[in-house]
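By convention in this document, chain letters (A, B, ...) are assigned in the order of the sequence lines, proteins followed by strands, and residues within each chain are numbered from 1.
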Amino acid sequence: MLRIKYRYLDLRNATLLRNLKLRDEITRTVRRVLHENSFTEVETPILTKSTPEGARDYLVPSRLNPEKFYALPQSPQLFKQILMVAGMDRYFQIVKCFRDEDLRQDRQPEFSQIDIEMSFIDEEELFQLVETMMAAIYKETMDITIETPIPILKYQDAIDRFGSDKPDLRFGMEIVDLTDTVAGTEFKVFADVLKKGGQIRALNARKSSELLSRKALDDLTDLAKTYGAKGMAWIKVNADGLQSPITKFFKKEMLDAMMSKLGAEVGDTLVFIADTPKVVADALAHLRLDIGKRLNLIDESKICLAWVTEFPLLEYDAEEKRYVAMHHPFTAPRAEDLDKMESDPGSLSARAYDLVLNGNEIAGGSIRIHQSDVQQKMFKLLGIDKEEAEAKFGFLLEALQYGAPPHGGIAFGLDRIAMILTGSASIRDVIAFPKTQKATCLMTEAPSEIDTKQLKELKLKFDLS
RNA sequence: GGGGUCGUAGUUCAGCUGGUUAGAACGCCGGCCUGUCACGCCGGAGGUCGCGAGUUCGAAUCUCGUCGGCCCCGCCA
């Protein structure tokens with residue numbers, strides 16, 4: 001904690017200085033590549049309007065307009081789309097964004113985005129531009145030539161094979177579906193899940209018998225539980241037979257079928273999760289990563305980039321009892337799905353894409369909706385009625401009516417890219433003055449109390465009850 | 001909102017079940033050596049063990065509280 005308080009002293013540390021310099025090289029390269037490709041950097045407002053869909057906003061009270069607030073942007077999304085309407089065909093900006101949510105190793109309340117938007121493009125053109133940019137970044141900062149084009153992975157395949165929409169592709173150990181294989185089992189835990197329409201899936205941790213001790217398996221079980229699993233079944237394939245708390249519940253034929261599907265050999269450890277598809281995917285995704293680390297399967301020198309595409313357009317939010325946009329509400333559905341917007345919204349596929357680097361989401365974007373009527377339908381699907389849509393996004397709907405070119409874009413997490421390229425463990429190591437987990441700045445002691453005069457000017461008072 | 005973990009020298013950490021002057025490495029200072037390049041050798045300085053209370057003959061160690069850091073779940077369109 002001393003180190004963050006006296007950040008100016010810690011910054012004398014060679015590693016931090018090197019990180020900041022590498023970060024500078026990244027932004028310099030990005031600006032050069034984008035300028036070479038006819039992009040214009042345009043600044044958008046920091047004091048802007050609250051759009052309370054999504055993350056919590058940081059708010060700024062307005063002195064000249066008592067009881068009204070600006071919001072700090074969560075992203076320049078709407079401004080960049082409107083720039084497209086204005087005919088600024090190739091926009092970019094390296095820009096601060098703000099989200100008032102809890103912090104993580106890779107999450108700060110204010111973070112920097114490389115924000116890009118282009119008119120008259122499709123996914124392919126945008127991917128090419130991004131690949132040029134990523135190749136230049138790696139070449140100029142690390143002198144590494146990356147392979148292009150970057151492979152494309154469909155969202156559903158990513159979930160099925162890795163349990164995650166941001167898989168770490170530096171190692172294998174893919175998920176195996178055993179739901180059909182164990183149909184009719186007497187093992188109550190699996191049978192109950194099957195009855196409720198859940199899944200049984202598993203991983204084969206090859207040659208792990210020595211590293212995955214009983215204690216390690218208990219730790220893995222606890223890990224699975226943090227993602228909602230009730231437990232984790234396991235089988236160790238020893239030279240003298242199977243060691244497992246669950247094999248006794250299975251008939252030999254079924255057990256053989258499971259083993260063969262998993263390609264089990266002596267020395268392997270098999271771990272199973274049975275639950276709803278979401279829990280199975282979450283738990284196995286994290287088990288895969290954890291086991292990968294324990295077994296030292298991850299080649300740190302590898303650079304595995306992948307596009308993840310064909311995300312669902314909407315996700316059903318059980319708590320709010322409505323659909324929410326998986327990416328954001330301005331993302332275009334695929335053209336062939338347009339007629340299903342009313343009949344079967346849950347099945348819609350989005351023209352959205354993420355760029356994943358070694359298991360980290362480093363960028364995300366989409367082809368946007370450029371027709372006012374489609375945008376209005378989208379709001380309707382999200383349970384945003386006409387008045388609310390008008391109040392929050394009226395300026396966008398209106399702008400679209402003036403004729404917007406087809407457009408799309410992407411936003412990169414600059415801090416995350418810098419974190420990965422410098423090999424840092426935390427995003428804080430590539431930010432000159434980062435905030436703590438409670439979103440405070442130990443050096444300046446922000447946030448801080450303000451004096452009564454300031455409150456009065458802003459016509460604010462605290463409810464001290 | 002919840003769970004976990006940590007707080008000991010400038011830094012990274014060790015200090016087991018409570019027991020005399022709290023240790024190591026690196027760094028720092030002084031000296032010596034030097035064809036060195038993660039130099040080597042000798043010597044030295046440096047610590048309210050986060051804070052407060054309790055248990056005890058005795059607390060870095062146990063208990064409670066408190067402050068803070070970090071990690072995770074939720075959250076992050």
* To do: Hunt down the Watson-Crick or G-U wobble partner of B:C70, both distances under 3.5 Å, from any strand shown, or write none.
  => B:G4

* Asked: A:Gln77 and A:Gln81: side-chain donor and acceptor closer than 3.5 Å?
  -> yes

* To do: Can you figure out which of B:C73, B:C76, B:G68 approaches the side chain of A:Ala55 most closely?
  => B:C76

* Structure fact -> Checking N1-N3 plus N6-O4 or O6-N4 for Watson-Crick, or N1-O2 and O6-N3 for wobble, each under 3.5 Å, the partner of B:G40 is B:C32

* How many Å lie between NZ on A:Lys438 and P on B:G1, as a whole number? -> 10 Å

* Structure fact -> Considering only heavy side-chain atoms of A:Val324, the closest of B:G69, B:C73, B:A77 is B:A77

* Structure fact -> Separation of B:U5 atom P from A:Asp222 atom CG, nearest Å, is 12 Å

* Structure fact -> Taken to the nearest whole Å, CG/A:Asp282 to C1'/B:C75 is 14 Å

* Closest to side chain of A:His328, choosing from B:C73, B:C71, B:A77 -> B:A77

* Determine the sole option in A:Arg31, A:Arg90, A:Lys80 for which the salt bridge (Lys or Arg N to Asp or Glu O under 4.0 Å) test with A:Glu41 is passed. => A:Arg31

* Whole angstrom is fine here: how far is it from CZ in A:Arg416 over to C1' in B:C76? => 9 Å

* **Under 4.0 angstrom between A:Arg99 side-chain N/O and B:C75 OP1 or OP2** => no

* **Nucleotide B:C76, atom P - distance to CD1 of A:Ile362 in whole Å** => 23 Å

* To do: Assess the pair A:Trp307 and A:Phe127: is the distance between their ring centroids shorter than 6.0 Å?
  => yes

* Asked: Just by modelled atom types, is the A:Arg56 backbone N or O under 3.5 Å from a matching donor or acceptor in the A:Glu101 side chain?
  -> yes

* To do: Please state whether the phosphate of B:C70, meaning OP1 or OP2, lies under 4.0 angstrom from any side-chain nitrogen or oxygen of A:Arg428.
  => yes

* Answer yes or no: does a side-chain N or O of A:Thr436 lie under 4.0 Å from OP1 or OP2 of B:G69? => yes

* Asked: Taking atom P in both B:G15 and B:G58, what distance in whole Å separates the two?
  -> 26 Å

* What about A:Arg56: does its side chain form a donor-acceptor pair under 3.5 Å with the base of B:G74? -> no

* Does the ring centre of A:Tyr91 sit less than 6.0 Å away from the ring centre of A:Phe39? -> no

* For atom CG of A:Asp429 and atom C1' of B:U11, their distance in whole Å -> 15 Å

* Using the P atom on both, measure B:G44 against B:C26 and round to a whole Å. => 16 Å

* Asked: Taking all atoms of both residues into account, what is the closest heavy-atom pair of A:Ala399 and A:Ile82, and its distance?
  -> CB-CG1, 4.2 Å

* Asked: With a 4.0 Å cut-off on heavy atoms, is A:Gln105 in touch with a base, just the backbone sugar-phosphate, or nothing at all?
  -> sugar-phosphate

* To do: Identify whether any heavy atom of A:Ser366 sits under 4.0 Å from a base atom; if not, whether one sits that close to sugar-phosphate; answer base, sugar-phosphate or nothing.
  => nothing

* Name the closest nucleotide to the A:Gln437 side chain, picking from B:G68, B:C71, B:C76. => B:C71

* Measure from CG on A:Leu442 to P on B:G7 and round the result to the nearest Å. => 18 Å

* Measure from the side-chain heavy atoms of A:Glu101 and tell me the nearest of B:C72, B:G74, B:C75. => B:C75

* Asked: Which nucleotide sits closest to the side chain of A:Pro329: B:C76, B:A77, B:C73?
  -> B:A77

* Structure fact -> Taken to the nearest whole Å, CG/A:Leu103 to P/B:C73 is 13 Å

* To do: Scan A:Phe330 against the nucleic acid and name what it touches under 4.0 Å (heavy atoms): base, sugar-phosphate only, or nothing.
  => nothing

